[in-house]
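Shown next, in structure tokens, is the structure this report addresses.
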Protein chains: 2
Amino acid sequence: MIESTSPSPRWSETWLNRLLEVAPLSDAAQDAVRRAPQLFRQFSAREHVVRDGVRDPGMRVMLSGLACRYKHLPDGRRQITAFIIPGDVCDFGFISDSPVSQDIISLAPSTIGIVDLDRLATIVELYPEIMTAILRCAAIEQSATQELLVSLGGRNALHRVGHLLCEMHHRLDRAGLVRAGGVFELPLTQSEMGEALGLSTVHVNRTIQMLRRLGLAIWRDRIVTLPDPESLARLCAFDPSYLKAQRD
Amino acid sequence: MIESTSPSPRWSETWLNRLLEVAPLSDAAQDAVRRAPQLFRQFSAREHVVRDGVRDPGMRVMLSGLACRYKHLPDGRRQITAFIIPGDVCDFGFISDSPVSQDIISLAPSTIGIVDLDRLATIVELYPEIMTAILRCAAIEQSATQELLVSLGGRNALHRVGHLLCEMHHRLDRAGLVRAGGVFELPLTQSEMGEALGLSTVHVNRTIQMLRRLGLAIWRDRIVTLPDPESLARLCAFDPSYLKAQRD
DNA sequence: CGCGGAAATTCACATATGTTATATGTTTGC
DNA sequence: GCAAACATATAACATATGTGAATTTCCGCG
């Protein structure tokens, strides 16, 4: 892990854009958001970003890369509870000062911005709209967790995998990380996807090949291609509204 | 549904006790909490408490009875995402002003207290400790959702059912709703339990009888008896720490 | 450039859980 | 107080998914 205090200009926009998606911010507030993170940590793939129990305070914002949150099962397996993409807040425990009892691990080389909590308090007092935006992000995350619950409880393997691909496509697209033709990077192992979806590695593999044979998804070398996202969404009953801040 | 403005004195204590579990409150704040709900709705079993999309503003607090939150599956099935017991806030959408896209339905005759949002804002401004407590409750709920996710993703039927029984036992106990000998009311249908755990009704039934044969749980006529909660907890790797506000 | 280890793939087989059906209580509404 | 609707229980059978192992492909690294 490498630490630095000099941001790349792209990073500050990543988080700002996310907040602007869920709430309008005045120019002054936008500037405050840009300058909020003062510490940056770079992780290589499969490094712990947060280790259970160990909490150094601060709000952590994903700025580049990919990570996931997970819980341990008694027999050593893991259940991944969320994938964290650029723009996401890593965990919202700071809101209620309750540390999350979960590990966060990077899946690809990643950058995380850290906002000191006192600094955040000051900013938020000055621009309460920022707090509103953050709370909306928290609500969306809760909503995504519940949708994953629906997948595990009510969808078969094909729909689970397809639905997750739709979700990643949708989220990465909004973050500007999908290239033309529905092509995006998903630096995930099939085994890791299984850990999120409650499926064995072997069955994830079978399912992916089924999707490939259906012409709905191609996944090779960490690159996913969705030639026809609408069809896939229809097949899996993917409705992205759960990822939006649903105001009036 | 019957509406009234005259509370039973027990009701106000239910919610107050919950908040006191997660954060200390001054006497004045406690009094404010007691007087916060001004409208009370009584539902009979299987009535909609909140219907998707329909949102009349206000924070809803469960004061007696049992309810659940659920999402619809495309084929008409439902995925229950949470059980709501006395003391629980029905949904935390009001925090970020994003209405939850879920239905809430009563499973037994229930009372719900409604706190007007303007009134809540006033109270919370006067006693910020109350907002802290509410946010901690929200964090606990998120944590419970994730634990259910772990169940669906990583536990077999026996452990899923056992774990849920442990959780309900634990939560109801803290609400003072467990009688001596580990006896408590669980006015749930086996089919409804299946809708929460991603199991068919038939298999829930099989599993319950297995638990009965093991002498770990008896469930008859909406009454659950856990003769040896510790053994059951051990079997299912139930660790209640995820239900606590984990401050230092 | 080639080596070593990790992913991906494939196969045969095991099994937990789903499905359909029927019988038997048990509420509930009229 | 009856009848309809619902909840539980049980059985036989179907199947989606898991397991263990072997093979191949890929990728980072020296």
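The chains referred to below are lettered A, B, ... by the order of the sequence lines, with proteins before strands, and numbering in each begins at 1.
- With B:R69 contributing its side chain and B:C90 its backbone, the two residues share a donor-acceptor pair below 3.5 Å.
- The nearest whole Å value for the distance from the CZ atom in A:R213 to the C1' atom in C:dT9 is 12 Å.
- In this model, no donor atom of one side chain and acceptor atom of the other lie less than 3.5 Å apart for A:Y70 and A:E192.
- Without hydrogens or angle criteria, B:R46 side chain to B:L107 main chain gives a donor-acceptor distance under 3.5 Å.
- Using cut-offs of 30° and 60° on the angle between ring planes, the pair B:H169 and B:F184 is tilted.
- Straight-line distance from the CD atom of B:Q190 to the P atom of C:dT24: 18 Å, rounded to whole Å.
- Protein chain B touches strand DNA chain D; the 5'-most and 3'-most nucleotides with an atom under 4.0 angstrom of its non-hydrogen atoms are D:dA7 to D:dA12.
- B:R160 comes within contact range of no nucleotide atom at all, as no heavy-atom separation falls under 4.0 Å.
- The interatomic distance linking A:W219 (CH2) with C:dT9 (C1') rounds to 14 Å, in whole Å.
- Where B:L188 and A:A157 each meet DNA chain D at their nearest nucleotide, the meeting point lying more 5' is that of B:L188.
- Between A:L199 and the options A:V202, A:L197, A:T201, a side-chain contact (heavy atoms from CB on, under 4.5 Å) holds for only A:L197.
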Protein-nucleotides 18-21 of chain C N/O pairs under 3.5 Å:
{"from": "C:dG18", "atom 1": "OP1", "to": "B:G198", "atom 2": "O", "distance (Å)": "3.3"}
{"from": "C:dG18", "atom 1": "OP1", "to": "B:S200", "atom 2": "N", "distance (Å)": "3.3"}
{"from": "C:dG18", "atom 1": "OP2", "to": "B:S200", "atom 2": "N", "distance (Å)": "3.1"}
{"from": "C:dG18", "atom 1": "OP2", "to": "B:S200", "atom 2": "OG", "distance (Å)": "3.0"}
{"from": "C:dG18", "atom 1": "N7", "to": "B:R206", "atom 2": "NH2", "distance (Å)": "2.8"}
{"from": "C:dG18", "atom 1": "O6", "to": "B:R206", "atom 2": "NH2", "distance (Å)": "3.3"}

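- Across all strands, B:R212 comes closer than 4.0 Å only to sugar-phosphate atoms, never to a base (heavy-atom distances).
- Looking only at atom types and distance, the side chain of A:E21 has no donor-acceptor partner in the side chain of A:N17 under 3.5 Å away.
- Within 4.0 Å of A:R220, counting heavy atoms only, lie sugar-phosphate atoms of the nucleic acid but no base atom.
- Rounded to whole Å, the distance from CG on A:N205 to C1' on C:dA8 is 6 Å.
- At least one donor-acceptor pair under 3.5 Å links the side chain of B:D239 to the backbone N or O of B:S241.
- Computed from coordinates, the A:Q209 CD to C:dT10 C1' distance equals 8 Å when rounded to whole Å.
- Checked against side chain to side chain contact (heavy atoms under 4.5 Å, CB included), A:M1 has the following partners two or more places apart in sequence or in another chain: A:E3, A:R41, A:F43, A:E47.
- Under the 3.5 Å distance criterion, with hydrogens and angles disregarded, a donor-acceptor pair is assigned to the side chains of B:R206 and B:H203.
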